[in-house]
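Have a look at the structure below, then the notes.
Counting convention: from 1, in listed order, for ligands and their atoms alike.
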Amino acid sequence: MDGDIAPLHELVHIAQQHQSLLMIDDAHGFGVLGQKGAGSIEEAALTTDKVPILMGTLGKALGTSGAFVAGDTALIEYLIQFARPYIYTTASSPALACASLAALELLEQEAWRRQHLHALIQYFQSRAQHYALPVMPSRTPIQPIVIGDNAQTMRLAQALQVHGFLVGAIRPPTVPEGSARLRITLSAAHQPEHIDALLMTLQRLWKPQS
Ligand SMILES: *Cc1c(COP(=O)(O)O)cnc(C)c1O
């Protein structure tokens with residue numbers, strides 16, 4: 001919810017201490033983090049021996065749908081033979097598989113999309129400070145702004161939408177009571193002008209208390 005990144009090395013350490021298999025759900029990291037866009041695992045320089053089960057979705061950075069589990073051959077064979085939700089679910093259609101493959105090729109070949117996105121994230125953080133908007137220290141595309149009150153958060157999200165900005169409103173129980181927030185999600189399709197327009201509009205609509 002906050003665009004923060006799990007302390008992966010600590011989790012690896014705890015899993016090893018307890019002789020447990022670590023599974024990472026990298027739905028938000030895959031396609032976004034790491035030099036090659038391979039995700040949190042790449043960024044943290046971890047491999048299969050440290051993270052035996054990696055799952056990710058094709059429905060976020062890749063823009064299609066479906067998901068994957070990655071691991072060593074024994075794990076994958078086991079899932080193919082015994083994972084009931086996998087066995088009893090229709091496979092991806094050929095069209096979807098082609099679209100996902102094309103997205104993977106873009107991910108490999110067009111690193112500029114990731115670089116652009118990370119430049120936007122930095123730009124967002126610095127402009128938010130300029131507008132005195134209390135953003136969290138997130139270095140990922142999820143940029144939450146805690147508003148507090150549920151109704152006010154909903155009103156702000158609706159007002160932003162009227163002005164052409166689609167921003168999620170996240171309320172309890174998804175987040176702790178009294179910490180309703182706007183969840184701004186940046187993408188490689190955005191431009192710095194969009195960020196300025198959003199922050200200016202938000203500043204006009206809402207003045208933080210402090
Ligand atoms: C979005 C998300 C999922 C689900 O992805 P789908 O593509 O909708 O199945 C799973 N885990 C996490 C952490 C997510 O953010």
Practice task
Give the single entry among Thr57, Asp26, Asp25 that approaches atom 10 (C) of ligand 1 most closely by any heavy atom.
Solution key: Asp25
Exercise for the section: Run the contact test for Met55 against ligand 1 with a 4.0 Å cut-off on heavy atoms, strictly below, and give the result. Expected result: no
Handout entry: Under 3.5 Å side-chain donor-acceptor pair for Thr48 and Asp72
Key = no
Problem - Passing candidate, side-chain contact (heavy atoms from CB on, under 4.5 Å) with Thr140, options Asp2, Leu117, Ile5 - result: Ile5
Practice task
Using a strict 4.0 Å cut-off to heavy atoms of Ala27, name the atoms of ligand 1 that fall inside it.
Solution key: 2 (C), 11 (N), 12 (C), 13 (C), 14 (C), 15 (O)
Exercise for the section: Look at the side chain of Ser92 and the backbone N and O of Leu96, then say whether any donor-acceptor pair between them is shorter than 3.5 Å. Expected result: no
Handout entry: Any donor-acceptor N/O pair, Gln143 side chain to Gln125 backbone, under 3.5 Å
Key = no
Fill in the blank from the handout: Among His28, Lys60, Met1, closest by heavy atom to atom 14 (C) of ligand 1 is Lys60
Problem - atom 6 (P) of ligand 1 protein-contacted (non-hydrogen atom, under 4.0 angstrom) - result: yes
Problem - Aromatic plane relationship, His194 with His190 - under 30° parallel, 30 to 60° tilted, over 60° perpendicular - result: perpendicular
